[in-house]
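Below, read A as the first sequence line, B as the second, and so on, with proteins coming before strands; counting in each chain starts at 1.
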2 protein chains.
Amino acid sequence: MRDRELLLLGILMAHSQHGYQINEFIEMNLSRVTDMKKPTAYATLDRLAAQGFVEVRSEQAGNRPVRKVYSITSQGTEYFQSLLKENLMSGDKMQFSSDIGLMFLDHLSPDDAAAFLEERLQALNHDIARHEKAPPHGFGLGVDLAMDHHLVHLKLDRDWLGQVIENLRQRSTENSTSSRSRGDLANTDRSH
Amino acid sequence: MRDRELLLLGILMAHSQHGYQINEFIEMNLSRVTDMKKPTAYATLDRLAAQGFVEVRSEQAGNRPVRKVYSITSQGTEYFQSLLKENLMSGDKMQFSSDIGLMFLDHLSPDDAAAFLEERLQALNHDIARHEKAPPHGFGLGVDLAMDHHLVHLKLDRDWLGQVIENLRQRSTENSTSSRSRGDLANTDRSH
DNA sequence: GTATGATTAATCAACTTTGATCAATTTATA
DNA sequence: TATAAATTGATCAAAGTTGATTAATCATAC
């Protein structure tokens, strides 16, 4: 919620825009950073307007539906600065929804687990490829930084997943030859 | 929402429990994995009950408020398996709320930016220390895996942040001596 | 013995988020 | 040119989420 506000104010810091424009921009360029949907953006912008952080004026081009053009106010700029500071100072909550699945890995055979994770690894590799192929955005330096941040985490996940799958596979063959040597799955001692 | 269900069903796979117990467990042990709050858990459990995936029976110990004891049904077990598969196959959305802040780094002086991020790095280091000091949970292997997954990402973030701060600091002194040599902040070429 | 605070247990009202939809307009297609 | 399809622009009802609260019990100390 706080982050939604930061994102929208940050976008408006560049220049005033109408709702459709903003949402377009988010969908096209910022899907890696946020999953905010249109109605949420409108709702958040309205809230920001009610608090005096953005101004709205209705505009009509031709006889298309009225567009709402949002501009950041000077109080909004201050608020933006404070949100930005807060965001930079306190890090992510760092929650991976995939950790929920991992927690229950014991309910699966190592074979099945490995197969499912292999699928995910494939998808991850595609995502990394897309990411690396994409040209630098051209919006400031910060955006490039954020993209790099995202990318290094994707790559870590790829490597980590690879190791886990390897271990699962080993575990599976060990199990079938029934030679029980302690091949601990966790604590792969990737001592960083 | 899907993940909430997976989490709750997974917990019930171990054994039947009442609501308070479940929420207690989540707060105490799973804060790294989820931020689901009590009312959401109750709501989700009710939804699962309505769909026949869990059974609820009211229990009264002494004359304390009635407790609702939840058990997973056989259909629930099937559903759990499908959710687990889905979770393992399709990875995270991988969104870092901190990326939103990073995107707007250009609105700050390199000095301020570095100072704010330094603060965050500090917090990160504390978190990593806490994480490493904590004894292995003792719940199955999967839980340890999830914890390790979390940890490696924290460490990556620490290292990455360190580099960014270093670059910002360099940028700042470069700027004050006004010798403009291209010290690109992004693309630090951490070629993995 | 009784005021004080912690624990057990769950719910509600308020807020946030989104899938679905609407309605006009422009572009493509037959 | 008539018609389907895509785009522009935004809203609403429904669903998900949570801070605050209720209410009883147990522990503690005064």
Side-chain angles (χ1 to χ4, degrees), chain A residues 1-9 11-12 16-31 33-51 53-71 83 93 95 97 100, chain B residues 1-9 11-12 16-31 33-51 53-71 83 93 95 97 100:
Chain A
M1 210 223 73
R2 217 74 172 188
D3 291 323
R4 312 282 201 203
E5 295 186 342
L6 174 58
L7 178 60
L8 290 170
L9 290 178
I11 289 175
L12 290 179
S16 302
Q17 304 178 56
H18 58 86
Y20 188 85
Q21 228 173 119
I22 294 174
N23 283 301
E24 179 78 352
F25 181 75
I26 291 174
E27 272 172 47
M28 300 288 274
N29 305 300
L30 269 37
S31 58
V33 174
T34 187
D35 55 358
M36 181 169 46
K37 301 297 189 300
K38 270 169 290 199
T40 308
Y42 282 112
T44 305
L45 284 167
D46 285 350
R47 210 175 337 114
L48 286 169
Q51 294 171 252
F53 296 133
V54 307
E55 268 173 5
V56 201
R57 70 173 189 289
S58 289
E59 206 182 73
Q60 187 134 17
N63 50 353
R64 319 181 106 286
V66 238
R67 308 190 292 194
K68 295 168 136 196
V69 179
Y70 300 88
S71 320
L83 287 179
K93 284 172 303 285
Q95 278 172 5
S97 62
I100 295 176
Chain B
M1 210 223 75
R2 217 71 176 190
D3 292 323
R4 312 280 201 203
E5 296 187 341
L6 174 58
L7 177 61
L8 290 170
L9 290 177
I11 289 175
L12 291 179
S16 301
Q17 302 177 58
H18 58 87
Y20 188 84
Q21 230 172 118
I22 295 175
N23 283 301
E24 180 77 352
F25 181 76
I26 291 174
E27 272 172 47
M28 300 288 274
N29 305 300
L30 269 36
S31 57
V33 174
T34 185
D35 55 358
M36 181 169 47
K37 300 298 188 301
K38 273 170 287 201
T40 307
Y42 283 111
T44 305
L45 284 167
D46 286 350
R47 212 176 335 114
L48 286 169
Q51 295 171 254
F53 296 134
V54 307
E55 268 172 5
V56 200
R57 70 174 188 289
S58 289
E59 208 182 68
Q60 187 131 20
N63 49 353
R64 320 179 106 287
V66 238
R67 305 191 294 194
K68 295 168 136 195
V69 179
Y70 300 88
S71 321
L83 287 178
K93 285 174 300 286
Q95 277 172 6
S97 62
I100 295 176

Enquirer: Please state how far atom CD in B/Gln21 lies from atom C1' in C/dT7, giving the value in whole angstrom units.
Expert: 14 Å
Enquirer: Polar-atom pairs under 3.5 Å, protein N or O versus N or O of nucleotides 17-19 of chain C: list them with distances, or write none.
Expert:
from   : atom 1 : to      : atom 2 : distance (Å)
C/dT17 : OP1    : A/Arg4  : NE     : 3.4
C/dT18 : OP2    : A/Lys37 : N      : 3.4
C/dT18 : OP2    : A/Thr40 : OG1    : 3.0

Enquirer: For B/Asn23 and C/dT8, what is the distance between atoms CG and P respectively, to the nearest whole Å?
Expert: 13 Å
Enquirer: Any chance you could measure A/Gln95, atom CD, to B/Ser31, atom OG, to the nearest 0.5 Å?
Expert: 8.5 Å
Enquirer: Just how far, in rounded Å, is C1' of D/dG16 from CG of B/Leu7?
Expert: 16 Å
Enquirer: Do A/Leu12 and A/Leu48 have side chains that approach each other closer than 4.5 Å (heavy atoms only, starting at C-beta)?
Expert: no
Enquirer: Can you tell me how far C1' of D/dG16 sits from CG of B/Asp46, to the nearest Å?
Expert: 13 Å
Enquirer: Counting neighbours of CE on A/Met1 that are heavy atoms of other residues, nucleotides or ligands and sit closer than 6.0 Å, is the number greater than 12?
Expert: yes
Enquirer: In the structure I gave you, are the side-chain heavy atoms of A/Lys68 and A/Asp46 within less than 4.5 Å of one another anywhere?
Expert: yes
Enquirer: Rounded to the nearest 0.5 Å, what separation is found between the NZ atom of B/Lys38 and the CD atom of B/Glu24?
Expert: 8.5 Å
Enquirer: Could you tell me how far apart A/Glu27 (CD) and D/dA10 (P) are, to the nearest whole angstrom?
Expert: 13 Å
Enquirer: Here's a test for you: under side chain to side chain contact (heavy atoms under 4.5 Å, CB included), which of B/Thr40, B/Ile26, B/Asp3, B/Thr34 qualifies with B/Leu8?
Expert: B/Ile26
Enquirer: Side-chain contact test, heavy atoms from C-beta onward, threshold under 4.5 Å: evaluate it for B/Ile22 versus B/Leu45 and give yes or no.
Expert: yes
Enquirer: Between D/dT17 atom C1' and B/Glu5 atom CD, what is the distance in whole Å?
Expert: 14 Å
Enquirer: Is the count of non-hydrogen atoms from other residues, nucleotides or ligands lying under 6.0 Å from A/Glu55 atom CD greater than 12?
Expert: no
Enquirer: So with a 6.0 Å cut-off around CD of B/Gln21, is the heavy-atom count from everything else above 12?
Expert: yes
Enquirer: What is the separation between atom CG on A/Leu45 and atom P on C/dT16, rounded to the nearest whole Å?
Expert: 14 Å
Enquirer: What does the inter-axis angle of the helix from C/dG1-D/dC30 to C/dA30-D/dT1 come out as, five pairs per end, nearest 10 degrees?
Expert: 10°
Enquirer: Tell me whether the side-chain N/O atoms of A/Tyr20 come closer than 4.0 Å to OP1 or OP2 in D/dA10.
Expert: no
Enquirer: Could you check how far OH of A/Tyr42 sits from P of C/dT21, rounded to whole Å?
Expert: 19 Å
